[in-house]
Enquirer: 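Okay, here's the structure, questions in a sec.
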4 protein chains.
Amino acid sequence: MQNVIEEGLLHRAPGRPRDNAVRERILKAGLDLLQEVGFANATCDAIAERSGASKATIYRWWPNKAAVLIDAFVERLTPELPIHDVSTLEEYVTFNLKQFTRVLMGSNGRLFAAVIAAAQTDQDVQSAFLSHWIKPRRALFRTLLERYRAEGLLPDNYDFDQVLDVMYGPLLFLLMVRHVELTLAYAENLANMVLNGLLPR
Amino acid sequence: MQNVIEEGLLHRAPGRPRDNAVRERILKAGLDLLQEVGFANATCDAIAERSGASKATIYRWWPNKAAVLIDAFVERLTPELPIHDVSTLEEYVTFNLKQFTRVLMGSNGRLFAAVIAAAQTDQDVQSAFLSHWIKPRRALFRTLLERYRAEGLLPDNYDFDQVLDVMYGPLLFLLMVRHVELTLAYAENLANMVLNGLLPR
Amino acid sequence: MQNVIEEGLLHRAPGRPRDNAVRERILKAGLDLLQEVGFANATCDAIAERSGASKATIYRWWPNKAAVLIDAFVERLTPELPIHDVSTLEEYVTFNLKQFTRVLMGSNGRLFAAVIAAAQTDQDVQSAFLSHWIKPRRALFRTLLERYRAEGLLPDNYDFDQVLDVMYGPLLFLLMVRHVELTLAYAENLANMVLNGLLPR
Amino acid sequence: MQNVIEEGLLHRAPGRPRDNAVRERILKAGLDLLQEVGFANATCDAIAERSGASKATIYRWWPNKAAVLIDAFVERLTPELPIHDVSTLEEYVTFNLKQFTRVLMGSNGRLFAAVIAAAQTDQDVQSAFLSHWIKPRRALFRTLLERYRAEGLLPDNYDFDQVLDVMYGPLLFLLMVRHVELTLAYAENLANMVLNGLLPR
DNA sequence: ATCTAATCGAGACGGTACGTCGAGTCTTCCC
DNA sequence: GGGAAGACTCGACGTACCGTCTCGATTAGAT
C-alpha cells in the first residue's frame, strides 16, 4: 500500500537524477577547507578540485561560495546540536547552554566564529546564515518557550528572540573576543546568571 | 644652539614630512564607504579615489584594508563611549546598554563588527582589540561593579567578566547576526531582562 | 511467414529504428542558427532546444558540432549549385561564376563564409568541408575541364585545381574580406578577366 | 627650438607609464601560441602564462583574444610584405605572388587565415582588418597599377580592386581550404595563368 | 640656490578568485 | 535499442580587487 502511494505521489523528475555523492563530496571539501584555511581562503576552485566536482556543478546548486560553506556548516552542526525537550525552564537553559558550549569548545567553535566573521564582510554569508541556521532553529525553540510561558515559567512580557539572545549572545561574544577561556563552568554560571538576573532576589 | 638641541630632541627625518591631512581624508573615506556600501564593497581603490589619495599612500601607512578601518575604529569610537558613574545598578545597566546601542546603531556598529570579524583570522587584531579596547574598559567597569557589589546591589557570587558578557554579549550578537533590528527599545528590554533574569520573581 | 522473410532479408537491427524526422529537425535547426547567429554562437544546446532533440541524440549521430553544421550546409547548398554542362569554356566560366555569385549574395553567402572560417580553427570542419564539398565537386568539374582541354579550349599546361582556384578564389576572397560589394556585375567582369588574363591580347 | 616644441607637445601622461616590454611579450606569446596550437587553442590564459603578464593586463589593452592576435598580426606581417617597385606587369605579378606565397607558406599563413576567419564572426576584427591591412595596402598597389595601365601594360577596362582579387584571391582561397599544398611552383603557375588568362592565346 | 630624501597622485602590473558558458559525456526513465 | 531530459566534468572566458611597482611632481631641511 505504502508503495503504491509513494509510486503515485513521488513522480520522479525526468532526466539524470542529481548525484548525491557529488553534493556530499562538495560539502565535505568545503568544510575541511573551512577549518584548514579559513573562510576567505576556502575558494570555490579549491573546493572543486578537492571534491573532484566541477565549478559548474557547484554553481548549479549553490548561488555562491558562501552558500556552499554555510550549507556544509549547517549539515555538520545540526546533528551536534539536537533540540531536546526538558520539563522546566531552568533545565532547558542550563542544558542548552552547556550543550552549545561543548560544541563551541571543540573545532566547531572556530567554524562558528569563522562563519559569523565572514557574515560581517559578505552579504551572501549573512543572509545564508540567517535563513539556513538562525531562523529555522529559532522557530523550533519558540514553541518550547511558548510552552514555558503558558506554564507560567517565563514572564509574559519577554520577547522570545531576546530571550535567546540573552542565552546565546554571551557565549558567542566570548567565543569571538576570547578575553577568558570558554569552559563548561562558565556555561553553568552563565545559566544561573541569566535565569536569576543581576539584581539580588 | 637651539638648532642643535632640537636636532637632538625631535630628530626630524629628512625629506618631505608626512601629510597628516591625507591620513585623515583616508580614514574618513574608509568610514564613509563602510557605512554606505559595507565592509566587503569598501574597496581600497574606492577609498583611494574618494579620499583623493593614491593606493600607494594607503599601503605605505597601513598593511591592508582592515588595518585602515581598525585605525579609524579606535580613533572614532573611543570618544563616543565615555564611562559615566551612576548611583544604582539598574541605572548603570540601562544607561550603558542604551549608550552602547546608540553607538552600534550608527555606522560605528559596522565598524565594531568588522573589527571583531577581523580578529577571527588575525591574531594581531585579536590581541590589539583585547589590549586596547576590552581589557582597559573592563578594568574601569570593574571598579564600578565592585562598588555595586559592596553596596549589596549585585550578588556576591557573580563573576565580573561574566556580568559584562551578559550585558554586552546579546547586543554584539545581534549586531553581527542581525536577525532583528537593533533599537533603543531592544536595549531597554534587554536591560530589564538582564537585571531581573528569565525566571519570574 | 512475411515476418520471417523480412527479418532475413533486411537484417533489421534490434530495438527502435532511427527516427529520420529527428535528423531533419536537427539539421534544420542547425542551419537556421548558423544563419542567425553565426557558427560560434550556434551552440549545441541551442540546436537541441530548437529541434526538440536531446544533446545525446545529436552526439549519437554526429561526432561534434562542426559535423552537424557541415552536414546541414552540404544538404542545403548542393541543390542550389547544380552542375550544368555548357559547350564552350567562356560559357562555362561565366555561367558558373554568376551562379555561384548569386548563391553567395544571399544568406547562403554568410553560411559559406562561416564554414570556411570555422575550418581555420577546427580540424573537423576542415576535413568535413574538404571531403563533403570541395573534393566531390572538383571531381565533377574535372571531367568538364578535361573535355575543354581535349577540344583545345584550355591550354594544356594548366593544372585543373588551379583553374578552379582562379575562378572561385577571388569570389570567396571578396566574400570574406568584403572590401567592396559582391554583385553580378563583379562576377561578369571577373569571368572576363579570368578568361583573358591581365596582359593585353 | 625643437626641444621647446616637443616639451610643449609631448606632455607625459601622469602615473606609471605603460611597460612596452609587456606589450611585446604578450604579442610574441600570442603569435607563438597561434603557430603552435592554432587559433582556438591559443587561449588568453596561455598567453598570460607564457608572456608572464596577467590576464588583467591583457584585457586592459585589448578587448578580447582576437584583438591581441590581430595586433600581433599587423605588427608581424607588415615588415614581411614590403612593397617593391618593378618595371613590368609580369614581373610585378610574379614577384608579389611569390613573395606573398612565401609568407603564407610559413607560420604566418595560419595567422592570416585565423584573422580572416575571425573577421567572419567579429565585426571589430572585420573593420580593423580592412582599415589596418586591406585598405592601406591596396592604396599603395593602386598607384603601381595605374602606372602599368598608363604604360599600356594593363587593359583599360579592368577594375583595380578586381585585379588584386584575381591575384591574391586564389592564394588565400588555397590557404584556407587547403585542398592541395601551397608551394612556390603553385605561385609561379598562378602568376602565369592570371597574366595570360584561361583562353589560349 | 642647489641638493637630497622623503611624500604624494596616478595608474600600470602580477596574481588570484570570481561566476558564467559551451562542448561533449553519462545516467535515468520512457517507449 | 532509440530518444528526451538533464546532471556532470572540463576548461576558457572576461571581470574585480588585492597589494606592489614605477613614474613625475612636490616639499621640506641640509649644504
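Letters go in sequence order (proteins before strands), and every chain restarts at 1.
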Enquirer: Would you kindly compare C:Asn64 and A:Asn64 by the position of their nearest DNA chain E nucleotide and give the one closer to the 5′ end?
Expert: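 Its nucleotide being nearer the 5' end, the pick is A:Asn64.
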Enquirer: Quick one, C:Leu31 and C:Leu111 - any side-chain contact, counting heavy atoms below 4.5 Å?
Expert: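 Yes, side chains in contact.
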Enquirer: Answer yes or no: is there an ion pair linking D:Glu75 with D:Lys28, defined by an N-O contact shorter than 4.0 Å?
Expert: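 Salt bridge: no.
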Enquirer: Rounded off to whole Å, could you give me the CD1-to-P distance for the C:Ile47 and E:dG24 pair?
Expert: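 Nearest whole value for this atom pair: 10 Å.
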Enquirer: To the nearest angstrom, how far is B:Trp62 atom CH2 from F:dC18 atom C1'?
Expert: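 Answer to the nearest Å: 17 Å.
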Enquirer: A:Asp45 CG to E:dT20 P: how many Å, rounded?
Expert: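 Between P of E:dT20 and CG of A:Asp45: 13 Å.
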Enquirer: Rounded to the nearest Å, what distance is computed from the CZ atom of residue D:Arg50 to the C1' atom of nucleotide E:dG15?
Expert: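 So the two atoms are 20 Å apart, to the nearest Å.
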Enquirer: If only side-chain N and O atoms of D:Tyr59 are considered, is one of them under 4.0 Å from the OP1 or OP2 phosphate oxygen of F:dT15?
Expert: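 Indeed not, no polar side-chain atom of D:Tyr59 lies that close.
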Enquirer: Could you tell me whether A:Lys65 and A:Asp124 have a side-chain N and a carboxylate O separated by less than 4.0 Å?
Expert: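 Here A:Lys65 does not pair with A:Asp124 in a salt bridge, since their nearest N and O are not under 4.0 Å apart.
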Enquirer: Please find the pair of heavy atoms, one from A:Ala119 and one from A:Gln126, that lie closest to each other, and give the distance.
Expert: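 Where A:Ala119 meets A:Gln126 most closely, the heavy atoms are O-NE2, 3.2 Å.
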Enquirer: Near DNA chain E, which residues from residues 26-35 of chain C have a heavy atom under 4.0 Å away?
Expert: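 Hits under 4.0 Å, by residue number: none.
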Enquirer: Rounded to the nearest Å, what distance is computed from the CG atom of residue A:Leu69 to the C1' atom of nucleotide E:dG19?
Expert: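 Atom-to-atom, A:Leu69 to E:dG19, this comes out as 15 Å.
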Enquirer: For the residue pair D:Arg18 and D:Trp62, would you count it as a cation-pi contact if the rule is NZ or CZ under 6.0 angstrom from the ring centre and within 45 degrees of the ring axis?
Expert: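 Flagged: D:Arg18 positioned over aromatic ring of D:Trp62.
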Enquirer: Which heavy atom in D:Lys55 sits nearest to a heavy atom in D:Cys44, and how many Å separate them?
Expert: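 Closest pair (atom of D:Lys55, atom of D:Cys44, distance): CG-O, 4.2 Å.
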Enquirer: Can you tell me how far C1' of F:dC17 sits from CD of B:Glu49, to the nearest Å?
Expert: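 About 14 Å, once rounded to whole Å.
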Enquirer: Within a radius of less than 6.0 Å around CD of A:Glu36, do more than 12 heavy atoms belonging to other residues, nucleotides or ligands occur?
Expert: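 Yes, enclosed.
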Enquirer: For A:Asn41 and F:dC18, what is the distance between atoms CG and P respectively, to the nearest whole Å?
Expert: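 Those two atoms, CG and P, are 15 Å apart.
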Enquirer: Sugar-phosphate atoms are those with a prime plus P, OP1 and OP2; base atoms are the rest. Using that split, label each nucleotide of nucleotides 4-9 of chain F B, S or - for protein heavy atoms under 4.0 Å, 5' to 3'.
Expert: BBBBBB
Enquirer: End-to-end bend of the helix from E:dA1-F:dT31 to E:dC31-F:dG1 (five-pair axes, 10° rounding)?
Expert: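 The value is 10°.
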Enquirer: With a 4.5 Å limit on heavy-atom distance, are the side chains of D:Val68 and D:Trp61 in contact?
Expert: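 The answer is no, as the side chains (C-beta and beyond) never meet within the 4.5 Å cut-off.
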Enquirer: Shortest non-hydrogen contact from C:Leu69 to C:Leu34?
Expert: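 Taking C:Leu69 first and C:Leu34 second, the nearest heavy atoms are CD1-CD1, 3.8 Å.
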Enquirer: Cation-pi check, D:Arg178 to C:Trp133: give yes when NZ or CZ is under 6.0 Å from the six-membered ring centre and within 45° of the ring axis, no otherwise.
Expert: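 No; the conditions do not both hold, so D:Arg178 does not lie above the ring face of C:Trp133.
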Enquirer: Does a side-chain N-to-carboxylate-O contact under 4.0 Å join C:Asp71 and C:Arg23?
Expert: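 Salt bridge flag = yes for C:Arg23 with C:Asp71.
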